[in-house]
Amino acid sequence: AEYRGRMEATFRLLNLASNSAGSVLDVGCGIGVYAINLAKRWPKIHIVGFDLSKRQIGTTKRLAREQDVASRCEFFVGDANTVSPWKSFDFVMCTEVLEHLPSPAQALVNIRNMGAENTIYVFSVPQFYNGRRQSGVFYKQILSDGQEVHTQERTKLVEGVPIYEYYHALYTVRDVSNLLQSCGFEIEQIVGYGFVIPPWRISVGDSVLKRITAHAHNAVAKTVNFSVGHLSHSVHRYFNRLFNQRQASNLIIRCHQRQV
């Protein structure tokens, strides 16, 4: 539900009319959920997507055939840092990709060059990860019972189980605004999706009062997060405007090229 809600918020910022035509580039398209849904809803749109994963691109092509949109979709294996801009697209979306790049500026300049003066760009980035403000190198394992381990501490990993290492950053409104502007984008709108009150960490050396306060805060945060998570996106938007997007789990940004 959260993934679909974020996708719908992204589509709203693309602001496609029911009869819109043109071309859309999906940077880091994964298995093509956004791209295929766009193709199904806007039959005059042509979509190109690329991703680092050869396996995911294979899945995307299969799903496009199954959904009968393959004739209007192209997918290939590519790296946002190095793929050569070969044409200008009318719309470019890059969702939940920048946080996996330790140095995203090169990719952003490259993405900018895949559009033109009137191109609409929509990016989305996380402000929280698993309900917390934690970033850096993470380790992931999938156990035999299907459970997943996500941690930044190697001591918590299970011996004998393959380890997947990945980088994950977080962005505040100021962070992502500064980054995009430094790479030649002009921001039109930033909206928040989801709403999170992160828990407070409790350490062994904390005073009794601090521990009691933290436990009380975490109990309230858990209740609020659960409750808000089951409410509509319009309620999320209200809470996020109230808190100036600071508690949004994800930020979705619409922008265009800054003209020199």
Side-chain angles (χ1 to χ4, degrees), residues 6-30 32-53 56-57 60-61 64 69-101 103-125 171 173-191 193 250-260:
R6 193 165 64 237
M7 180 180 72
E8 297 297 336
T10 300
F11 288 177
R12 280 192 290 273
L13 284 195
L14 282 174
N15 197 29
L16 294 164
S18 59
N19 62 344
S20 288
S23 58
V24 177
L25 175 65
D26 188 357
V27 179
C29 63
V33 176
Y34 283 40
I36 291 170
N37 272 280
L38 270 176
K40 289 173 67 176
R41 293 194 209 177
W42 287 277
K44 295 181 181 180
I45 289 286
H46 182 82
I47 298 169
V48 176
F50 66 86
D51 196 276
L52 275 175
S53 171
Q56 291 195 326
I57 288 297
T60 305
K61 290 180 177 179
V69 295
S71 62
R72 292 185 291 109
C73 295
E74 300 175 54
F75 300 104
F76 65 93
V77 177
D79 185 338
N81 285 305
T82 57
V83 66
S84 298
W86 68 101
K87 64 174 289 185
S88 290
F89 292 86
D90 301 303
F91 305 90
V92 177
M93 57 182 178
C94 179
T95 61
E96 309 302 297
V97 172
L98 299 180
E99 67 269 22
H100 298 298
L101 306 177
S103 302
Q106 179 181 342
L108 281 169
V109 171
N110 212 25
I111 292 168
R112 182 185 183 278
N113 293 334
M114 296 178 193
E117 181 178 348
N118 296 322
T119 297
I120 294 173
Y121 300 82
V122 176
F123 298 92
S124 73
V125 292
Y171 288 90
V173 171
R174 177 179 294 181
D175 292 336
V176 74
S177 298
N178 289 342
L179 175 63
L180 291 171
Q181 289 167 358
S182 70
C183 294
F185 294 95
E186 192 74 35
I187 294 172
E188 297 178 14
Q189 186 179 7
I190 299 179
V191 300
Y193 180 79
N250 295 81
L251 299 171
I252 306 174
I253 309 98
R254 173 187 165 113
C255 47
H256 59 266
Q257 291 185 4
R258 186 174 66 244
Q259 300 307 306
V260 179

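All values below were derived from every heavy atom in this structure, side-chain atoms included, with hydrogens, water molecules and symmetry-related copies excluded.
Nearest heavy atom pair, residue H46 against residue R72, reads ND1-O, 3.3 Å. Residues L98 and C94 share a closest heavy-atom pair of CD2-SG, 4.3 Å. For the pair R258 and Q181, the tightest heavy-atom approach, listed with the atom from each and the gap, is NH1-O, 2.7 Å. In terms of heavy-atom proximity, S177 sits nearest to I187 at CA-CD1, 3.5 Å. Minimum interatomic distance between N81 and S103 (heavy atoms only, all atoms of both residues): OD1-O, 4.3 Å. Between G30 and T60, the shortest heavy-atom contact is O-OG1, 2.8 Å.
To the nearest 0.5 Å, the span separating CG on L25 from CZ on F91 amounts to 12.5 Å. In this structure, CG in D90 is found 7.0 Å from CD1 in I45, a value given to the nearest 0.5 Å. Atoms CD and NZ, from E74 and K61 in turn, are 10.0 Å apart once rounded to the nearest 0.5 Å. Rounded to the nearest 0.5 angstrom, S124 OG and I253 CD1 are separated by 7.0 Å.
Proximity of F123 to V176: side-chain heavy atoms (C-beta onward) are nowhere separated by under 4.5 Å. Here the side chains of V191 and R12 are not in contact, with every heavy-atom distance at 4.5 Å or above. Side-chain contact between N37 and F11: present, with at least one pair of heavy atoms (C-beta onward) separated by less than 4.5 Å. At least one side-chain heavy atom of I57 sits under 4.5 Å from a side-chain heavy atom of C29. Counting heavy atoms from C-beta outward, N15 and R254 have side chains that approach closer than 4.5 Å.
When L14, I47, L16 are each tested for a side-chain contact (heavy atoms from CB on, under 4.5 Å) with W42, only one passes: L16.
Every residue two or more places apart in sequence or in another chain that forms a ring-ring contact (aromatic ring centres under 6.0 Å, His included) with F50 is listed here: F76. Partners of E96 under the salt bridge (charged side-chain N to carboxylate O under 4.0 Å, His left out) rule, at least two apart in sequence or in another chain, are R6.
Identified under the side-chain hydrogen bond (donor to acceptor under 3.5 Å, both in side chains) test for residues 109-123, with sequence neighbours left out: Y121-Q257.
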